[in-house]
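Pasting a structure here, questions to come.
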Amino acid sequence: MSKKKFAKESATIMTEMVLPNDTNTLNNLMGGRLMHWMDIVAAIAAQKHSNRIVVTAAADSISFKQPISLGNVVTLVAKVTRAFNSSMEVYIEVSAEDIPASKKTITHRAFFTFVAVDQNGKPIEVPEVVPETEEELELFDGALRRRQLRLVLAKRMKPEDAKELKSIFNLEITK
Ligand SMILES: CC(C)(COP(=O)(O)OP(=O)(O)OC[C@H]1O[C@@H](n2cnc3c(N)ncnc32)[C@H](O)[C@@H]1OP(=O)(O)O)[C@@H](O)C(=O)NCCC(=O)NCCS
């Protein structure tokens, strides 16, 4: 990789208010709208890191544990955790705030993967990430295992090649 950049340089914050057009018939934010916002904030973080055009390659499983209500203010914070060759993993944390009630809750956490591409859509190398804080270091360390898991699930990596992923299960590496 040509260059190194601090994780904090990609930090991106997006704030939205849940309006009637964003909701389902129970007056809660629709999952698809939230995923759209996640995709945008994470793409901006990946662009800031790479200074390139980026495309979404993968979104890890997202579960919707609690609804976000009409009128809530939603804050999405995204940061690149680690870069590989042309791909970058982005961590997104979502919180919902009922401002009149002074109540704020973290509602979602997710990892998206973006690939930097040239004008012809061909993957292109990105700078390395330099983590600094304890959280950034933890996310950086875990990124390799998460990458292996998603590449195995996408049938882009053989399970026997996912060595770091196997090590967390203490499985014997046979090949
Ligand atoms: C993402 C894309 C550029 C990868 O192109 P490709 O020809 O498969 O390129 P490569 O095999 O060289 O892979 C490039 C990188 O993508 C990563 N990648 C590809 N598919 C992936 C997946 N499902 N999950 C995670 N990473 C993935 C590879 O691991 C590789 O990472 P690395 O360079 O850091 O090692 C290509 O599949 C694409 O353009 N997809 C459509 C993107 C898009 O339109 N997104 C919006 C969806 S509507």
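Just the heavy atoms: all of them, side chains too, but no hydrogens, waters or symmetry mates, feed the values below. Numbering starts at 1 and runs along the sequence shown. Just so you know, ligand 1 is whichever comes first in the structure, and atom 1 is the first atom listed for that ligand. Since the structure is predicted, the reported quantities are computational estimates derived from the model, not experimental observations.
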Please check: side-chain N/O of Q47 versus main-chain N/O of A43, any donor-acceptor pairing under 3.5 Å?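 Such a contact is absent between Q47 side chain and A43 backbone.
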
Quick test: of every protein heavy atom, which one is nearest to atom 7 (O) of ligand 1, and how far off is it to 0.1 Å?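 So the nearest neighbour among protein heavy atoms is P123 CG, 4.7 Å.
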
Answer yes if a protein heavy atom lies under 4.0 Å from atom 16 (O) of ligand 1, otherwise answer no.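 Yes; the ligand atom in question has protein heavy-atom contact below 4.0 Å.
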
Consider only side-chain N and O atoms of T113 and R147, and report whether a donor and an acceptor are under 3.5 Å apart.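 Short answer, no.
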
Please list, in number order, the atoms of ligand 1 under 4.0 Å from a heavy atom of F84.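 Here the atoms of ligand 1 in question are 34 (O).
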
Heavy-atom distance to atom 45 (N) of ligand 1: which of T56, V55, D39 wins?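 Considering heavy atoms of T56, V55, D39, the nearest to atom 45 (N) of ligand 1 sits in T56.
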
So, T23 and N28: side-chain donor and acceptor under 3.5 Å apart, yes or no?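 No, no side-chain donor-acceptor pair sits under 3.5 Å.
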
Indicate yes or no for a side-chain donor-acceptor contact from T12 to the backbone of S10 under 3.5 Å, with no hydrogens or angles considered.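 Between the backbone of S10 and the side chain of T12 there is a qualifying donor-acceptor contact (under 3.5 Å).
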
Given M14, which partner from the list I92, V77, V74, L76 fulfils the side-chain contact (heavy atoms from CB on, under 4.5 Å) test?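 Going through the options one by one, the only one that passes is L76.
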
Just to be sure I'm reading this right: ignoring hydrogens, which of G121, A116, A57 gets closest to atom 18 (N) of ligand 1? Compare them by their nearest heavy atoms.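 Residue with the shortest heavy-atom distance to the ligand atom: A57.
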
Keeping D141 on the side-chain end and E138 on the backbone end, is there a donor-acceptor pair under 3.5 Å?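 Not at all, since once roles are kept as given, no pair shorter than 3.5 Å links the two residues.
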
Counting only heavy atoms, which portion of S87 has something under 4.0 Å from ligand 1: side chain, backbone, both, or neither?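 The answer is both, backbone and side chain.
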
Can you tell me which portion of N85 lies within the under-4.0 Å heavy-atom range of ligand 1? Options are side chain, backbone, both, or neither.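 Both backbone and side chain.
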
Check ligand 1 against A58 and write out every atom of the ligand that is under 4.0 Å from a heavy-atom position of the residue.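 This gives 24 (N) as the contact atoms.
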
Under 3.5 Å, side chain of K8 to main-chain N/O of P131, donor-acceptor pair present?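 No, K8 side chain to P131 backbone: no donor-acceptor pair under 3.5 Å.
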
Measuring from non-hydrogen atoms of R147 to any atom of ligand 1, is the shortest distance under 4.0 Å?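 For ligand 1, residue contact (heavy atoms, under 4.0 Å) with R147 is present.
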
No-hydrogen, no-angle side-chain donor-acceptor test under 3.5 Å, E89 and T81: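 Side chains of E89 and T81: pair found under 3.5 Å.
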
Judging by distance only, is a nitrogen or oxygen of R150 under 3.5 angstrom from one on ligand 1?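 So ligand 1 has no N or O lying under 3.5 Å from an N or O of R150.
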
Atom 20 (N) of ligand 1 - nearest protein heavy atom and its distance: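 Its nearest protein heavy-atom neighbour is R156 NE, 3.1 Å.
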
Is at least one protein non-hydrogen atom found at under 4.0 angstrom from atom 34 (O) of ligand 1?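 So far as the 4.0 Å threshold goes, atom 34 (O) of ligand 1 is in reach of a protein heavy atom.
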
Applying a 4.0 Å heavy-atom criterion (strictly less than), which segment of S86 is in contact with ligand 1: side chain, backbone, both, or neither?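 The answer is both.
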
State whether any protein heavy atom lies less than 4.0 Å from atom 43 (C) of ligand 1.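 There is a protein heavy atom less than 4.0 Å from atom 43 (C) of ligand 1.
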
Is there a donor-acceptor contact under 3.5 Å linking the side chains of N51 and K3?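 Judged by distance alone, the side chains do not pair up.
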
Atom 23 (N) of ligand 1 protein-contacted (non-hydrogen atom, under 4.0 angstrom):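 True for atom 23 (N) of ligand 1.
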
If we count only non-hydrogen protein atoms and require a distance under 4.0 Å, does atom 29 (O) of ligand 1 qualify as touching the protein?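 Given the 4.0 Å limit, the answer for atom 29 (O) of ligand 1 is yes, a protein heavy atom qualifies.
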
Does CD belonging to E9 count more than 12 external heavy atoms closer than 6.0 Å?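 Buried by this count: over 12 neighbours within 6.0 Å.
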
For atom 27 (C) of ligand 1, what's the nearest protein heavy-atom neighbour? Residue, atom name and distance, please.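 Answer for atom 27 (C) of ligand 1: L151 CD2, 3.8 Å.
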
With no hydrogens and no angle check, just 3.5 Å: does a side-chain donor-acceptor pair link Y91 and E93?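 A donor-acceptor contact under 3.5 Å links the two side chains.
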
